[in-house]
Amino acid sequence: STSLLISPADDFFTDTLDEALLKGEIDAAVHSAKDLPKALRPGLKIFALTASRDERDAFVGRKKLSELEAGAKIGTSSALRKDGILAINPAVQIVDIRGTIQERLKLFHDGTCDGLIVAACALKRLGLESEITEIMPWDGTPLQGQLAVVGRDGDGTTQKIFAAIDVRKTYGRVTLAGAGPGDPELMTVKAIKALKKADCVFYDYLVHENLLDYAPDAEKINAGKRKGGHTMPQAELSRMLRQKAMAGKTVVRLKGGDPFIFGRGAEEIEYLRSYHIGVDVIPGITSATGIPSSLGIPLTARGVSSSVAFVSAHTEDESDTAPQPVLIPHAETLVFFMGLTKLPEIVQSLRAAGWKDTTPAVVISKGTRADEKVVPGLLRD
């Protein structure tokens, strides 16, 4: 990740100590882990990450947050915490407060605000655990309550000194693996090897049930992800992946197709890496190519099509009561994912974009599986 660009403000909290490390004036720097930039400067490395006494957010108030009356003032300076507060009680008023824990508590006790959100670990470290009214259901800030020891990359002697307190040595790893388009024989050998080593497997509804036989002793968790019947919200799934890995488990997140093609793999890998959990990715055959190929349908062909685009038929903010047009990119072959319930919108959007009614088209359900259905025709059909 050191190849990522560091913004001028990203290392605001670490700049001075980073310079001292790189100049050799000091050999190690201790930071609040949550204040570290996403990418350390080239030449620096995290030697150790300490365990958190409590990584969660706590609510301090006269009563539970959900029970407070309309207009009650809740203090926080975090945008993420504001969203969480309003999701629980949209009738309260958010006020911006800052300062030490004691200063924030004084604002609550003198009536300036009716409640406030603070890090649970901060209250516990100060012996103020009795102030906690309840623990919040959302994730706290990544690495909240943890310390990070940073040193010069390659300084093995200093790193060895701090190895004993590095909580990461107890972590497991997460593998995002593609299961292919449906036929269990179309999953890669590497993904099968990962399943055989797994302690825990999270799988979605697109994964053929026979593939789970490669992990007979692993804990198996259905992550769902089907339109109209999601088994597990994405935030909860990501949290469970993290918790299993932090408990030392070898975790496989088995996804239909390829993890990075409309599989939310990018979100999961970013989330896990924000907690310094090791992640591996095993590519899979995406349905966009695997299914047409299995049916003898070329996505590109000399003199017919020299470009292909993959399109999601659904958007994040759409509602079932308000059909929305589908994005039509500039390409000679288009493959729509998750399009069965959106066929009218897809056809209408194609026509509006200038596609002719005589354009060859095919609708496929459960491709490469024994119960696949294939309907070829023209756009007008």
Side-chain angles (χ1 to χ4, degrees), residues 178-183 186-187 203-208 222-234 237 254-268 283-301 304-381:
D183 182 345
L186 291 178
M187 191 169 78
Y203 64 96
D204 61 37
Y205 85 100
L206 293 170
V207 172
H208 197 287
N222 184 354
K225 298 299 176 192
R226 186 168 194 165
K227 179 175 171 58
H230 287 188
T231 301
M232 187 182 299
Q234 183 62 43
L237 170 58
L254 193 59
K255 298 170 173 283
D258 180 272
F260 285 168
I261 302 292
F262 298 125
R264 306 193 80 163
E267 296 174 42
E268 291 170 7
I285 298 174
T286 175
S287 59
T289 58
I291 293 174
S293 293
S294 72
L295 295 171
I297 302 173
L299 298 182
T300 62
V304 178
S305 173
S306 61
S307 60
V308 59
F310 303 155
V311 186
S312 173
H314 294 271
T315 59
E316 288 292 325
D317 58 351
E318 67 186 19
S319 66
D320 293 335
T321 58
Q324 298 181 6
V326 178
L327 171 69
I328 306 298
H330 295 289
E332 292 168 300
T333 302
L334 301 181
V335 181
F336 294 91
F337 283 69
M338 303 164 286
L340 289 178
T341 61
K342 296 269 290 188
L343 280 178
E345 290 85 358
I346 291 173
V347 172
Q348 183 178 7
S349 298
L350 284 167
R351 285 173 169 159
W355 287 67
K356 297 179 180 179
D357 276 354
T358 54
T359 303
V362 59
V363 179
I364 307 162
S365 172
K366 300 180 181 179
T368 75
R369 298 177 69 111
D371 56 348
E372 80 173 359
K373 294 181 180 179
V374 182
V375 181
L378 303 176
L379 182 60
R380 65 172 173 239
D381 302 322

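Computed from a predicted model, the values in this text were never measured in an experiment.
Looking at every heavy atom in both residues, Gly290 comes nearest to Pro181 through CA-CG, 4.5 Å. Residue Thr300 comes nearest to Ser307 through the heavy atom pair CG2-N, 4.4 Å, listed as atom of the first residue, atom of the second, then distance. Taking every heavy atom of both residues into account, Ala331 and Val308 meet most closely at CB-C, 4.0 Å. What you find for Ile328 and Ala353 is that their closest heavy atoms are CG2-CB, 3.9 Å. Listed here is the closest heavy atom pair of Ser294 and Ile291: OG-O, 2.7 Å. Between Ile364 and Leu340, the shortest heavy-atom distance links the atoms O-CD2, 4.3 Å.
A distance of 7.5 Å separates CZ in Phe336 from OG in Ser349, rounded to the nearest 0.5 Å. If you take NE2 on His208 and OG1 on Thr368, they are separated by 8.5 Å, rounding to the nearest 0.5 Å. Going from atom NZ of Lys366 over to atom OG of Ser287 covers 14.5 Å, rounded to the nearest 0.5 Å. Put simply, CH2 on Trp355 and CG on Leu379 are 9.0 Å apart, with the number rounded to the nearest 0.5 Å. Residue Gln348 holds its CD atom at 7.5 Å from CD of Glu345, rounded to the nearest 0.5 Å. Within the model, atoms CG of Leu327 and CD1 of Ile346 stand 11.5 Å from one another, a figure rounded to the nearest 0.5 Å.
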Using the side-chain contact (heavy atoms from CB on, under 4.5 Å) rule, take Val326 and Lys342 through it: C-alpha gap first, then chi angles, then the decisive distance, then the call. CA-CA 9 Å; Val326 178; Lys342 296 269 290 188; 4.1 Å; yes
Test salt bridge (Lys or Arg N to Asp or Glu O under 4.0 Å) applied to Lys255 and Asp204, step by step: CA-CA 6 Å; Lys255 298 170 173 283; Asp204 61 37; 6.0 Å; no
I would like to know whether Ser365 and Glu372 meet side-chain hydrogen bond (donor to acceptor under 3.5 Å, both in side chains); could you show each step before the answer? CA-CA 6 Å; Ser365 172; Glu372 80 173 359; over 6 Å; no
Decide yes or no on side-chain contact (heavy atoms from CB on, under 4.5 Å) for Val311 and Phe337, but give the supporting numbers first. CA-CA 6 Å; Val311 186; Phe337 283 69; over 6 Å; no
I'd like to know whether Thr333 forms a side-chain hydrogen bond (donor to acceptor under 3.5 Å, both in side chains) with Ser305, so could you lay out the CA-CA distance, the side-chain angles of the two residues, the decisive distance to 0.1 Å, and finally the verdict. CA-CA 6 Å; Thr333 302; Ser305 173; 2.7 Å; yes
side-chain contact (heavy atoms from CB on, under 4.5 Å) assessment of Leu378 paired with Asp357: CA-CA 7 Å; Leu378 303 176; Asp357 276 354; over 6 Å; no
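Proximity of Ile285 to Asp258: side-chain heavy atoms (C-beta onward) are nowhere separated by under 4.5 Å. The side-chain heavy atoms of Leu254 and Met187, taken from C-beta on, include a pair separated by under 4.5 Å. Residues Val335 and Leu299 have side chains in contact (heavy-atom distance under 4.5 Å, counting atoms from C-beta outward). For the pair Leu237 and Glu268, the minimum side-chain heavy-atom distance is below 4.5 Å.
Panel note: side chain Thr289, backbone Thr286; a donor-acceptor pair is recorded below 3.5 Å.
Salt-bridge check for Arg369 with Asp183: failed, with every basic side-chain N at 4.0 Å or more from each acidic carboxylate O.
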